[in-house]
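Notes follow once the structure below has been shown.
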Protein chains: 2
Amino acid sequence: MPKYTLDALDKKIIRMISNDARVPFLEVARACNVSGAAIHQRIQKLQSLGIVKGSQFIIDPEKIGYETCAYVGLYLKYPERFDNVVEELRKMPEVVECHYTTGGMDMFIKLYAKNNHHLLSIIHDKLQPLGLSRSETIISFNAAISRPLNVADINDED
Amino acid sequence: MPKYTLDALDKKIIRMISNDARVPFLEVARACNVSGAAIHQRIQKLQSLGIVKGSQFIIDPEKIGYETCAYVGLYLKYPERFDNVVEELRKMPEVVECHYTTGGMDMFIKLYAKNNHHLLSIIHDKLQPLGLSRSETIISFNAAISRPLNVADINDED
DNA sequence: TCTGAAATTGAGTCATC
DNA sequence: GATGACTCAATTTCAGA
């Protein structure tokens with residue numbers, strides 16, 4: 001039950017700008033056979049609805065020396081301090097995601113480290129002091145797929 | 001051991017463009033007290049080195065009806081068919097990440113579904129037929145943190 | 001590597017349909 | 001909702017330091 005149903009033009013716009021935030025709106029306009037002003041207005045609407053939430057350049061962590069990607073399940077000694085722990089995690093630049101999940105663990109985070117040794121030191125020196133009873137680490141050797149949700153390939157009704 | 005050591009200007013550029021791919025390069029230039037052409041050249045170099053890998057607008061999956069985010073660990077009946085399974089996963093728009101990991105499972109994927117029922121049908125009707133011996137699903141109720149790796153806060157040497 | 005200036009192209013606004 | 005014309009600003013290129 002989407003809050004807003006995207007029409008074909010919305011989807012084409014989203015497909016183009018979600019793959020390349022720098023594509024000129026006029027180029028999108030030409031590809032869609034509408035005016036530049038129409039694209040401008042559509043994108044403004046999508047942003048005001050919160051469907052489009054901003055843009056970013058993608059930086060390759062490996063290329064800047066962050067060669068280890070890991071997921072860590074955290075089990076807290078004091079689960080009631082959840083919000084506090086989130087605040088601490090937010091201060092750690094290595095932590096890029098934090099989820100509240102099913103599955104018994106209290107939180108599930110994704111982080112980047114320079115190497116396995118650095119990962120270990122992050123877990124021991126920065127995560128343990130947050131009050132962990134234990135943790136479970138999954139290291140990603142390789143991201144075979146990493147991409148945004150492809151809106152254009154999706155049916156609205158099924 | 002980064003392949004390329006970023007200087008202060010690179011980091012400032014990356015910090016600005018990784019939060020907003022639409023920021024005018026001239027604005028970056030003014031913030032850095034260099035010419036627009038210098039920013040242009042730096043970003044081209046970062047792209048040719050593969051450090052900057054492109055840009056994207058961020059779409060909120062929830063707002064377009066994808067309200068369930070899940071991680072699924074897959075255990076394959078025939079692990080030698082790994083590459084084949086990756087190709088099949090690539091065809092599923094709901095799958096946004098696929099990792100080859102430690103931890104016993106053969107692959108670890110991230111996907112978006114419309115709701116829990118839809119998630120179940122994806123697992124049963126689309127993932128099981130790929131040849132799973134079993135799977136483990138973690139549902140994310142809430143992403144308390146979701147952001148890019150913050151290059152600017154990072155030390156190159158330690 | 002950076003600069004400054006020139007040429008081209010795009011963004012954003014608005015009255016109008 | 002979309003258009004076309006307009007103004008202002010940004011991108012891109014290039015010779016030169």
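Chain identifiers are assigned alphabetically (A, B, ...) following the order of the sequence lines, protein sequences preceding nucleic acid strands; residue numbering begins at 1 within each chain.
With a 6.0 Å radius and a threshold of 12 heavy atoms from other residues, nucleotides or ligands, Tyr75(B) has its OH atom above the threshold. Summarising the local packing, OH of Tyr100(A) is surrounded by 12 or fewer heavy atoms from other residues, nucleotides or ligands at distances under 6.0 Å.
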Write down the protein N/O and nucleotide N/O pairs, taken from nucleotides 2-6 of chain C, whose separation is under 3.5 Å; answer none if there are no such pairs.
residue : atom : partner  : partner atom : Å
dC2(C)  : OP1  : Arg42(B) : NE           : 3.2
dC2(C)  : OP1  : Arg42(B) : NH2          : 2.7
dC2(C)  : OP2  : Arg42(B) : NE           : 3.3
dT3(C)  : OP2  : Ser35(B) : N            : 2.6
dT3(C)  : OP2  : Ser35(B) : OG           : 2.7

Short N/O separations, protein against nucleotides 7-10 of chain C, under 3.5 angstrom:
residue : atom : partner  : partner atom : Å
dG10(C) : OP1  : Arg30(A) : NH2          : 3.3

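For the residue pair Asn115(A)/Thr68(A), the side-chain donor-acceptor check at 3.5 Å is not satisfied.
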Step by step, work out the side-chain contact (heavy atoms from CB on, under 4.5 Å) result for Gln56(A) and Phe57(B).
-> CA-CA 6 Å; Gln56(A) 59 187 223; Phe57(B) 269 93; over 6 Å; no

Working for salt bridge (Lys or Arg N to Asp or Glu O under 4.0 Å), residues Arg42(A) and Asp7(A) | CA-CA 11 Å; Arg42(A) 288 275 185 144; Asp7(A) 69 11; 2.9 Å; yes

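The ring-ring contact (aromatic ring centres under 6.0 Å, His included) test applied to Tyr78(B) returns no partner, not counting sequence neighbours.
Contacts with DNA chain C (heavy atom under 4.0 Å) in residues 44-58 of chain B: Lys45(B), listed by number.
Under the 4.5 Å side-chain criterion, counting only non-hydrogen atoms from C-beta, Val72(B) is not in contact with Ile138(B).
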Going by atom type alone, with no hydrogens or angles, which donor-acceptor pairs under 3.5 Å involve a side-chain atom of residues 25-33 of chain A and a protein atom two or more places apart or on another chain?
none

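Remark: side-chain polar atoms of Arg134(B) are not paired, donor with acceptor, to backbone N or O of Leu74(B) under 3.5 angstrom. Judged purely by atom type and a 3.5 angstrom limit, Asp20(A) has no side-chain atom pairing as donor or acceptor with the backbone of Ile17(A).
Between the P atom of dA11(C) and the CD1 atom of Ile43(A) lies a distance of 9 Å, rounded to the nearest Å.
In this structure, Phe108(B) and Tyr71(B) have parallel ring planes: the angle between them is below the 30° cut-off, well short of the 60° mark.
You can see that DNA chain D meets the heavy atoms of chain A within a 4.0 Å-exclusive cut from dG1(D) to dT11(D), reading 5' to 3'.
Tested against Val85(A), the residues Asp106(A), Ile109(A), Leu76(A) include a single side-chain contact (heavy atoms from CB on, under 4.5 Å) partner, Leu76(A).
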